[in-house]
2 protein chains.
Amino acid sequence: MSADVAARRGIPDASVARLPGYLQALTNLAERGISSVSSEELAAAAGVSSAKLRKDLSHLGSYGVRGVGYEVDRLAYEISTALGLTQDWPVAIVGMGNLGRALAAYSGFATRGFNVVALLDHDDSLVGTSVGKRRVRPMADLDALVREDRLAIGVIATPADSAQDVADRLVAAGVRSILNFAPCVLDVPVDVMVRKVDMSTELQILAFHEQRRTGELDLAEQSVVGEVAL
Amino acid sequence: MSADVAARRGIPDASVARLPGYLQALTNLAERGISSVSSEELAAAAGVSSAKLRKDLSHLGSYGVRGVGYEVDRLAYEISTALGLTQDWPVAIVGMGNLGRALAAYSGFATRGFNVVALLDHDDSLVGTSVGKRRVRPMADLDALVREDRLAIGVIATPADSAQDVADRLVAAGVRSILNFAPCVLDVPVDVMVRKVDMSTELQILAFHEQRRTGELDLAEQSVVGEVAL
DNA sequence: ATCTGTGAAGTCCTTCACAGCC
DNA sequence: GGCTGTGAAGGACTTCACAGAT
């Protein structure tokens, strides 16, 4: 039983963050008709080390066979279960600007355990218009969505100015998981989980490494110059 | 001098990843006319602990005043310098589907040190069409972009099937920093840096925590039922 | 008196390396 | 022989708590 508790409660955050990658790699393997895989192969497909992969999987239980490897379908099922993807999670996207419309059109949701039940916008002139096959609904529908559609996850795709207001409304309606695409920090109660996606941040991290690389080349050139001067 | 080396080389990855958030918070403060800030206040604005903030900033140098705090403009400048944002980095976006077009329209690039110099697509029927004020260019333009525009960063916004091919072309043209929005692992040389943004992964992480929460409620209900039964 | 900058301690995560099992 | 699962070692990051500066 203590092992069970460990398997259910004790998965480190860093491991959880990698499980979707393993699941995706397993799905690819399954599509290519491969039914068995070693930790070395799966790790390569997911872009991690095999030791890390095995340690991560050990937190879920013992689903491999020593001397053989893992059965692809079985492992995919176990990871799906651990992530809670055996059920479909209802998702609402708030903010129908360029990004919101791109997200609404993204086909990856349905295939990965999510169901976009509503597109919302604060702007009355957008409400009622169509995005793909869906109609844009007003923010006032949030309460009903949580009650009737068991809406659990909200995606914020608004500009930064509106994001906190949208978050407040989501929380008030009972949503406790938020994916935030707006470039700002959200203030929410402790029991609400927020994850942030920010492409400017990612580009700035890349810029840091680019600059460091360039700086090193400059230093190398300088030292060559120095040697010539001597 | 050894302090200089530490400041240039030794910034931990975890710190670098938070610097953009500090920069954003500082920009907000500056816009609101605030010229001085304590580590406690800035940390709250950026959503981290003050100890973490101070430790992060200590890797850049000593730009605060004990007993007083940090000057907003000065600190923003120092962080910009550390991140390499005193110059504008030329960026190309590859893949003009829904996501690529949303990225092309995103105004946050220009204001944060980046310059979108080209929109590219592999599909000949898209090449030549306009996205915003820009014309979509063919992949064959990549070499010229790297040579003439000093293109340094490539953004991949294609479907997963094409992403590896696009990455190969970017690398062949000399791009060594890639931001990948496609849900797949890219195989690149070790000196090429890839960062990945994947909304499905983020949603799955949220689902894990939602499920864990629900699971706990179920257990709580069970134990209540148990007590009632006893 | 106040707030920064930082060694030291503590926590979390990764890697190693091998026992255990097929 | 080959591969998984895992304690133990190692490394990275965070938090503590206080010396040092104004």
Side-chain angles (χ1 to χ4, degrees), chain A residues 2-7 9-19 21-22 25-26 29 34-72 74-76 78-79 82 205 208-209, chain B residues 2-7 9-19 21-22 25-26 29 34-72 74-76 78-79 82 205 208-209:
Chain A
S2 71
D4 222 21
V5 170
R9 296 188 131 267
I11 310 180
D13 289 347
S15 284
V16 172
R18 285 186 293 267
L19 293 181
Y22 303 154
L26 287 166
L29 290 170
I34 296 166
S35 62
S36 176
V37 70
S38 70
S39 66
E40 202 73 51
E41 293 162 336
L42 181 55
V48 302
S49 72
S50 64
K52 200 185 270 186
L53 171 70
R54 289 200 302 279
K55 185 63 106 182
D56 285 342
L57 295 184
S58 77
H59 293 119
L60 307 184
S62 185
Y63 302 120
V65 180
R66 292 170 200 236
V68 179
Y70 303 90
E71 199 211 326
V72 171
R74 173 75 195 285
L75 189 54
E78 295 297 344
I79 293 177
I205 294 169
F208 171 81
H209 291 283
Chain B
S2 71
D4 222 20
V5 170
R9 294 188 133 268
I11 309 181
D13 289 347
S15 283
V16 172
R18 285 186 293 267
L19 293 181
Y22 304 154
L26 287 165
L29 291 171
I34 295 166
S35 62
S36 176
V37 70
S38 70
S39 66
E40 201 73 49
E41 293 163 338
L42 181 55
V48 302
S49 72
S50 63
K52 200 185 270 183
L53 171 69
R54 289 200 302 279
K55 185 64 105 183
D56 286 343
L57 295 184
S58 77
H59 293 118
L60 307 185
S62 185
Y63 302 120
V65 180
R66 292 173 199 232
V68 179
Y70 302 89
E71 200 209 325
V72 171
R74 173 75 195 285
L75 189 55
E78 296 298 344
I79 294 177
I205 295 169
F208 169 80
H209 291 283

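Throughout, a chain's letter reflects where its sequence line sits, starting with A, and its residues are numbered from 1. In what follows, every heavy atom counts, from backbone to side chain, and hydrogens, waters and symmetry copies are set aside.
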Of the non-hydrogen atoms in [X] and [Y], which two are nearest, and what is the gap between them?
{"X": "L42(B)", "Y": "A25(B)", "result": "CD1-CB, 3.8 Å"}
{"X": "I205(B)", "Y": "A17(A)", "result": "CD1-CA, 3.7 Å"}
{"X": "S15(B)", "Y": "H59(B)", "result": "OG-ND1, 3.5 Å"}
{"X": "I79(A)", "Y": "L60(A)", "result": "CG1-CD1, 3.7 Å"}

Could you give the start and end, 5' to 3', of the contact zone on DNA chain C for chain B, using atoms under 4.0 Å from its heavy atoms?
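Footprint of chain B along DNA chain C, 5' to 3': dT2(C) to dA8(C).
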
Can you list the steps and then say if R54(B) with Y70(B) is a side chain to side chain contact (heavy atoms under 4.5 Å, CB included)?
CA-CA 11 Å; R54(B) 289 200 302 279; Y70(B) 302 89; 3.9 Å; yes

Hey, mind stepping through Y22(A) and L19(A) against side chain to side chain contact (heavy atoms under 4.5 Å, CB included) and telling me if it holds?
CA-CA 5 Å; Y22(A) 303 154; L19(A) 293 181; 3.9 Å; yes

Hey, does S50(B) reach any base, or is it just sugar-phosphate, or nothing, if we go heavy atoms under 4.0 Å?
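Contact class for S50(B): none.
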
Have a look at the helix from dA1(C)-dT22(D) to dC22(C)-dG1(D) and give the angle its two end axes make, five pairs each, rounded to 10 degrees.
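Answer rounded to 10°: the end axes differ by 0°.
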
Restricting to side-chain hydrogen bond (donor to acceptor under 3.5 Å, both in side chains), what partner residues turn up for R74(B), sequence neighbours left out?
E78(B)

Got a list of protein N/O to nucleotides 18-22 of chain D N/O distances below 3.5 Å?
| unit_1 | atom_1 | unit_2 | atom_2 | d |
| --- | --- | --- | --- | --- |
| dG20(D) | N3 | R66(B) | NH1 | 3.2 |

Could you walk me through whether K52(B) and D56(B) satisfy the side chain to side chain contact (heavy atoms under 4.5 Å, CB included) test, starting with their C-alpha distance in whole Å, then the side-chain angles of each, then the deciding distance to 0.1 Å, before giving a yes or no?
CA-CA 6 Å; K52(B) 200 185 270 183; D56(B) 286 343; 4.2 Å; yes

Any non-hydrogen side-chain atom of S50(A) less than 4.5 Å from a side-chain atom of E40(A)?
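Touching, per the 4.5 Å side-chain cut-off.
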
Atom-pair distance (CZ on R74(A); P on dT4(D)), nearest Å
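The answer, rounded to whole Å, is 15 Å.
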
To the nearest 0.5 Å, atom CD of E41(B) lies from atom CD1 of I34(B) at 7.5 Å

Between N or O atoms, less than 3.5 Å apart, protein on one side and nucleotides 11-13 of chain D on the other: list the pairs.
none

Those residues of residues 35-45 of chain A lying under 4.0 Å from DNA chain D by at least one heavy atom:
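By residue number: S38(A), S39(A).
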
